[in-house]
Amino acid sequence: MKSIGSTLNPNTATVETSKKLEDFRKKIGELQGTLTNYLNRNPTIPYLEETREIALSIQELRYKHKSLVQQFTDTIGTGRNFSILSQKLRGLESESYFVESVLQSLVKP
């Protein structure tokens with residue numbers, strides 16, 4: 001069990017935030033891979049508009065992730081905590097779950 005002091009340790013917070021950002025980057029890659037596999041299996045793309053929306057959503061998630069990584073890099077060593085950054089990341093994770101559910105419904109009709 002962590003003590004309160006260890007959760008406030010800037011080095012621990014940096015490592016944890018870095019890991020969460022890396023995990024989210026992987027999640028975006030998985031979404032992109034699922035979409036690519038779907039497109040490779042369906043050359044006629046039966047749901048073109050939905051597929052386009054999903055692709056744009058994944059692109060937007062990637063852009064927002066890149067922005068958070070930059071904010072994280074800018075925050076390291078400043079003494080500021082990562083609470084706002086963590087909130088933004090949780091929001092992105094929620095967005096990604098929505099995109100994933102729509103993508104799964106498209107892939108498995």
Side-chain angles (χ1 to χ4, degrees):
M1 186 160 129
K2 289 183 177 180
S3 69
I4 292 175
S6 69
T7 60
L8 298 177
N9 181 338
N11 292 330
T12 302
T14 301
V15 170
E16 289 174 0
T17 304
S18 178
K19 179 165 178 10
K20 287 178 183 178
L21 286 167
E22 178 62 19
D23 290 347
F24 189 73
R25 183 192 63 77
K26 290 176 184 176
K27 177 71 171 178
I28 294 171
E30 290 170 7
L31 291 172
Q32 184 65 53
T34 301
L35 179 60
T36 299
N37 289 337
Y38 170 75
L39 292 173
N40 288 337
R41 287 191 322 265
N42 297 291
T44 59
I45 310 175
Y47 301 101
L48 182 60
E49 190 58 37
E50 292 84 352
T51 304
R52 183 177 293 134
E53 289 294 322
I54 291 169
L56 290 172
S57 294
I58 292 171
Q59 182 179 8
E60 185 177 334
L61 286 171
R62 191 177 304 280
Y63 173 78
K64 289 177 179 179
H65 173 262
K66 185 176 179 179
S67 175
L68 281 182
V69 169
Q70 184 60 52
Q71 290 174 35
F72 172 70
T73 302
D74 293 346
T75 302
I76 293 174
T78 63
R80 298 184 314 207
N81 75 26
F82 299 112
S83 62
I84 293 173
L85 190 67
S86 294
Q87 289 173 359
K88 289 179 182 180
L89 184 56
R90 281 191 296 275
L92 280 184
E93 289 169 339
S94 293
E95 285 182 51
S96 75
Y97 292 132
F98 176 74
V99 170
E100 181 178 27
S101 69
V102 172
L103 179 58
Q104 289 304 320
S105 68
L106 183 67
V107 170
K108 299 175 185 175

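Distance check, rounded to the nearest 0.5 Å: CD of E95 to CZ of R90 gives 14.0 Å. In this structure, N37 CG and L35 CG are separated by 9.0 Å, a value rounded to the nearest 0.5 Å. From E53, atom CD reaches atom CD of E49 across 5.5 Å, with rounding to the nearest 0.5 Å.
V99 is not connected to Y97 by any chain of hydrophobic side-chain contacts under 4.5 Å among Ile, Leu, Val, Met, Phe, Trp and Tyr, and they are in different clusters. Cluster membership for V102 and L61, using ILVMFWY side-chain heavy atoms within less than 4.5 angstrom, is shared. Note on V107: it clusters hydrophobically with L48, by side-chain heavy-atom contacts below 4.5 Å among ILVMFWY residues.
Under a 4.0 Å N-O distance rule, the pair E30/K26 does not qualify as a salt bridge. For E16 and K19, the salt-bridge test fails: no basic side-chain N is under 4.0 Å from an acidic carboxylate O.
Summarising the local packing, CD1 of I84 is surrounded by 12 or fewer heavy atoms from other residues, nucleotides or ligands at distances under 6.0 Å. Enclosure of atom CD in Q59 is not indicated, since only 12 or fewer non-hydrogen atoms of other residues, nucleotides or ligands lie within 6.0 angstrom.
Between the side chain of S18 and the backbone N or O of V15 there is no donor-acceptor pair closer than 3.5 Å.
Checked against L31 for a side chain to side chain contact (heavy atoms under 4.5 Å, CB included), the options I54, T36, I58 give a single hit: I58.
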Step-by-step salt bridge (charged side-chain N to carboxylate O under 4.0 Å, His left out) determination, K27 to D23: CA-CA 6 Å; K27 177 71 171 178; D23 290 347; over 6 Å; no
Worked check of side chain to side chain contact (heavy atoms under 4.5 Å, CB included) between F72 and T14: CA-CA 9 Å; F72 172 70; T14 301; 3.8 Å; yes
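The shortest distance between side-chain heavy atoms of H65 and I28 falls below 4.5 Å. Within the 4.5 Å cutoff, the side chain of Q32 has heavy atoms near those of the R62 side chain.
Residues satisfying the ring-ring contact (aromatic ring centres under 6.0 Å, His included) test with Y38, not counting sequence neighbours, are none.
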